[in-house]
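Not measured: the values here are computed from a predicted model. Every number for a ligand or one of its atoms is a count from 1 in the order of the listing.
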Amino acid sequence: MNTAGLDSDGREFKNADEMWKEEVGDNQKKTDWYRIGVGYWERVEASVDGVLGGYGPVNDADIKDSEAFLNTLLADCFPDAGRNQHLVALDCGAGVGRVTKNLLIRYFNEVDLLEPVSHFLDAARENLAPQNQMVSEAHKAANFYCVPLQEFTPDAKRYDVIWVQWCIGHLTDDDFVSFFNRAKVGLKPGGIFVLKENIARSGFVLDKEDKSITRSDLYFKELFNRCGLHIYKLKDQKGFPKGLFAVKMYALATELPKRVSASRPKRKAANRPAIIK
Ligand SMILES: C[S@@+](CC[C@H](N)C(=O)[O-])C[C@H]1O[C@@H](n2cnc3c(N)ncnc32)[C@H](O)[C@@H]1O
């Protein structure tokens, strides 16, 4: 990414390479990047408000738009869902299981959760225990993996949907690309990724406190190209308070899509680092 970016102190980098060299330029720095990232979340309360960086009230709008997006994907890609098709999803950087509990478990027969912070995963296990949720026997949280994305390789052809929300900013560009390349193997034929993320107005914004970056739409598109992924559908999140980063939902396919639908371009929210974590 050849566009300038900022860090959370307002310092400008002339491009992403300059920032990455400084942040993860040798093995020790890279180890520190991931240690500090997970360490940040280890100090956060295991609650919906905690994983949303104190913005718990955005949960409802987030789930509402995610559900509408997921419904269009299910109708297009999995028309037999709910009849004889057994659907399996992976929730990446699942936190306390917020997305699984409020959305994925209602549509997928099995959901696996991947989360590197053990007290979040313990809370997810509790939140998704059969006695604590209103879903039938045919819908369950199946596996809980306490692993970071950069170290995870899924079982081959297990998932219809791999959902990656508000966590990919913790991965370096190289780990982003190698994660999606490994994760492709975990998709069933016709399976898709959903990436839901904060979007910088241009370039990137580095959060020095939790070692994550918010990328621009263009930056994401460059990385999707490097991964050999195609945008199947794209939608903007609506209804978030002003002052937060814009948020986009990308449905990504490994094959060139037959048709692409995109929402109309919207006015983007002001760039403010570290609002939603
Ligand atoms: C903003 S929270 C979002 C949680 C959840 N996706 C949600 O939307 O409710 C970010 C999550 O990313 C997780 N995370 C941090 N570093 C990660 C990594 N390297 N791989 C996977 N997840 C990571 C954090 O532990 C935290 O649960």
Side-chain angles (χ1 to χ4, degrees), residues 23-24 30-67 69-70 89-105 111-125 127-128 141 144-154 161-180 182-183 186 193-199 205-207 209-214 237 240 244-245 247-250 273-277:
E23 290 294 328
V24 296
K30 192 168 172 189
T31 304
D32 289 347
W33 169 273
Y34 285 117
R35 183 182 49 75
I36 294 168
V38 166
Y40 171 89
W41 290 106
E42 280 170 342
R43 296 188 301 276
V44 170
E45 181 190 85
S47 65
V48 167
D49 207 47
V51 295
L52 294 179
Y55 282 82
V58 306
N59 175 68
D60 289 355
D62 167 58
I63 296 295
K64 179 168 168 268
D65 281 17
S66 292
E67 185 160 11
F69 191 61
L70 179 61
L90 172 66
D91 183 358
C92 294
V96 297
R98 183 187 69 85
V99 178
T100 294
K101 186 175 174 93
N102 292 309
L103 177 65
L104 300 177
I105 204 139
V111 184
D112 292 346
L113 290 88
L114 177 151
E115 167 56 50
V117 172
S118 59
H119 80 291
F120 284 176
L121 203 59
D122 291 343
R125 230 183 245 111
N127 292 334
L128 292 161
F144 294 83
Y145 300 114
C146 196
V147 184
L149 282 175
Q150 69 276 12
E151 292 172 17
F152 181 73
T153 303
V161 170
I162 296 183
W163 193 280
V164 185
Q165 178 163 356
W166 280 329
C167 60
I168 205 72
H170 284 287
L171 264 59
T172 65
D173 290 354
D174 289 346
D175 284 338
F176 180 118
V177 173
S178 71
F179 164 70
F180 277 102
R182 290 192 313 278
F193 293 103
V194 175
L195 179 72
K196 184 163 186 177
E197 264 307 330
N198 290 352
I199 303 292
V205 181
L206 164 69
D207 186 322
E209 190 185 7
D210 70 4
K211 298 293 182 188
S212 69
I213 76 157
T214 302
Q237 169 72 43
F240 276 7
L244 300 186
F245 278 114
V247 171
K248 284 187 188 292
M249 295 173 272
Y250 302 93
I275 300 294
I276 295 181
K277 287 297 158 205

Next item on the list: In sequence, state the C-alpha distance, the side-chain angles, and the governing distance for Thr172 and Asp174, and then conclude on side chain to side chain donor-acceptor pair (under 3.5 Å).
Entry: CA-CA 5 Å; Thr172 65; Asp174 289 346; 5.7 Å; no
Note to self: With a 4.0 Å cut-off on N to O distance, would you call Lys196 and Asp65 a salt bridge?
What the structure shows: no
Item checked: Donor-acceptor contact below 3.5 Å, side chain Arg98 vs main chain Ala94 -> no
Notebook entry, point to check: Does the N or O separation between Glu115 and ligand 1 drop below 3.5 Å for any pair?
Noted result: yes
Item checked: Asp91: side-chain hydrogen bond (donor to acceptor under 3.5 Å, both in side chains) partners, not counting sequence neighbours -> Thr100
Checklist line | Proximity of Leu149 to ligand 1 by residue part, where a heavy atom lies under 4.0 Å | finding: both
Checklist line | Element-labelled atoms of ligand 1 that are located less than 4.0 Å from some non-hydrogen atom of Gly93 | finding: 4 (C), 5 (C), 6 (N), 11 (C), 22 (N)
Check: How about Phe179 and Phe152: are their ring centroids closer than 6.0 Å?
Finding: no
Notebook entry, point to check: Counting both backbone and side chain atoms, is some N or O of Val147 under 3.5 Å from an N or O of ligand 1?
Noted result: no
Check: Counting only heavy atoms, which portion of Trp166 has something under 4.0 Å from ligand 1: side chain, backbone, both, or neither?
Finding: both
Item checked: Option of least heavy-atom distance to atom 22 (N) of ligand 1 (set: Pro116, Ser66, Gly97, Gly37) -> Pro116
Note to self: Side chain, backbone, both or neither: which applies to Val99 and ligand 1 if a contact is any heavy-atom pair less than 4.0 Å apart?
What the structure shows: side chain
Notebook entry, point to check: Taking atom types as modelled, is there a side-chain donor on Asp210 or Ser212 under 3.5 Å from an acceptor on the other?
Noted result: yes
Checklist line | Val51: numbered ligand 1 atoms lying under 4.0 Å from its heavy atoms | finding: 1 (C), 2 (S), 9 (O)
Next item on the list: Report, in ascending order of atom number, the atoms of ligand 1 lying under 4.0 Å from any heavy atom of Leu171.
Entry: 19 (N)
Check: Is the shortest distance from a Lys or Arg side-chain nitrogen in Lys248 or Glu197 to a carboxylate oxygen in the other one below 4.0 Å?
Finding: no
Item checked: ligand 1 N/O within reach of Asp91 N/O, cut-off under 3.5 Å -> no
Item checked: Region of Val48 that comes within reach of ligand 1 [heavy atoms, distance under 4.0 Å] -> neither
Item checked: Min N/O separation Phe120 to ligand 1 under 3.5 Å -> no
Margin query: Tell me whether Tyr34 has any N or O atom under 3.5 angstrom from an N or O of ligand 1.
Written below: no
Check: Which of these, Tyr40, Tyr34, Trp41, sits in a side chain to side chain donor-acceptor pair (under 3.5 Å) with His170?
Finding: Trp41
Checklist line | Pairing residues for Asp60 by the side-chain hydrogen bond (donor to acceptor under 3.5 Å, both in side chains) criterion, not counting sequence neighbours | finding: none
